[in-house]
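Bear in mind that the values here come from a model prediction, so they are computed numbers and not experimental data. Values below: every heavy atom of this structure, side chains too, minus hydrogens, waters and symmetry copies.
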Amino acid sequence: MQNTPFGTLYLVSTPIGNLEDITLRALRILKEVDLIAAEDTRQTRRLLTHYNIHTPLTSYFQGHHQVKCDKLIDRMKTGETIALVSDAGTPIISDPGYPLLRGCITSEIPIVPIPGVSAVITAASVSGLPLHNFTFEGFLSPKSGKRKRQLSVLTDEERTFIFFESPHRLCRFLEDVFEVMGERDIVVTRELTKKFEEIFRGSVSESLERFRNVEPRGEFTIVIAGKRSKNDS
């Protein structure tokens with residue numbers, strides 16, 4: 001790659017659903033690097049095939065990331081360029097890429113972000129809730145007791161909250177939110193930018209009723225209003 005340091009890690013953002021949501025720069029980088037490290041090679045191969053990209057692909061997922069991390073860093077130390085991609089969206093956010101990033105920082109390997117789509121920002125932008133100050137909490141604990149404790153710490157915050165949740169835990173998550181935080185404005189988004197995109201706006205109790213009656217499917221990004229300040233009363 002011309003005019004670019006050798007031994008570089010590129011953090012390449014990829015679409016969260018619609019394959020058209022990728023930048024020209026991201027496509028160029030994916031074509032030019034020596035290797036693409038993907039959280040799910042099947043998902044990434046679909047993207048590469050769509051854009052006729054034939055760069056070698058290797059898996060990098062939770063469970064074997066430490067061994068793979070060392071190997072990838074060794075390759076970059078010899079001058080290879082590697083693009084890290086997640087299943088969808090911006091790498092490092094709630095995916096196994098963090099140890100590789102930290103390893104590159106420790107090894108003083110150049111790191112270049114290739115910005116693009118993020119489910120966090122996409123959901124936030126369409127929520128209609130205040131965004132002058134918000135916090136991303138990602139996935140809370142799958143265990144209800146710990147999840148309630150995590151929510152209780154946030155109860156008095158006035159910032160807007162953004163969470164990730166899986167379909168099989170969605171209703172239990174909403175039940176805990178209602179129990180700990182009470183009734184609030186909430187926006188539940190699923191399958192953003194995909195064919196069956198859904199954006200549900202309402203209260204926590206209304207969202208519970210909605211998803212108890214319809215089996216939750218797909219990946220969810222949830223935006224919840226913070227505690228109302230006295231000035232809002």
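At least one donor-acceptor pair under 3.5 Å links the side chain of Arg147 to the backbone N or O of Pro142. Ser125 places a side-chain N or O within donor-acceptor distance of the main-chain N or O of Thr122, the cut-off being under 3.5 Å. In this structure, the side chain of Glu183 engages the main chain of Ser205 through a donor-acceptor pair within 3.5 Å. Within the 3.5 Å criterion, the main-chain N or O of Thr41 finds no donor-acceptor partner in the side chain of Thr44. Between the side chain of Glu206 and the main chain of Ser203, a donor-acceptor pair closer than 3.5 Å is present. A distance-only check finds a donor-acceptor pair linking the side chain of Asp34 to the backbone of Thr81 [under 3.5 Å]. No donor-acceptor distance shorter than 3.5 angstrom exists from the side chain of Glu191 to the backbone of Phe196, with no hydrogens or angles considered. Between the Glu197 side chain and the Thr193 main chain, a donor and an acceptor come within less than 3.5 Å of each other.
Taking each heavy atom of Gly17 and Lys194 in turn, the nearest pair found is CA-CG, 3.5 Å.
Between the CD1 atom in Ile111 and the SG atom in Cys104 there is a gap of 5.0 Å [rounded to 0.5 Å]. Summarising the geometry, atom OG1 belonging to Thr49 is positioned 10.0 Å from atom CZ belonging to Arg46; distances are rounded to the nearest 0.5 Å.
Hydrophobic clustering (ILVMFWY, side-chain heavy atoms < 4.5 Å, transitive): Met181 and Leu208 are in one cluster. By the criterion of side-chain heavy atoms lying less than 4.5 angstrom apart, applied directly or through intervening Ile, Leu, Val, Met, Phe, Trp or Tyr residues, Ile121 is not grouped with Val188; the two fall into different hydrophobic clusters. Leu19 and Val117 are not part of a single hydrophobic cluster, where members link through side-chain heavy atoms under 4.5 Å apart.
Contact check for Thr189 versus Ile222: no side-chain heavy atoms found under the 4.5 Å cut-off. The shortest side-chain heavy-atom distance between Leu129 and Phe134 does not fall under the 4.5 Å cut-off. In this structure, the side chains of Ser13 and Ile114 stay at 4.5 Å or more apart for every pair of heavy atoms.
In this structure, a donor-acceptor pair under 3.5 Å is absent between the side chains of Thr90 and Ser118. Side chains of Lys68 and Thr58: a donor-acceptor N/O pair is present below 3.5 angstrom, by distance only.
Shown here is Gln150, whose CD atom has more than 12 heavy atoms of other residues, nucleotides or ligands within 6.0 Å.
In this structure, Phe211 has its ring center closer than 6.0 angstrom to the ring center of Phe220. Aromatic ring centres of Phe139 and Phe163 lie farther apart than the 6.0 Å criterion allows.
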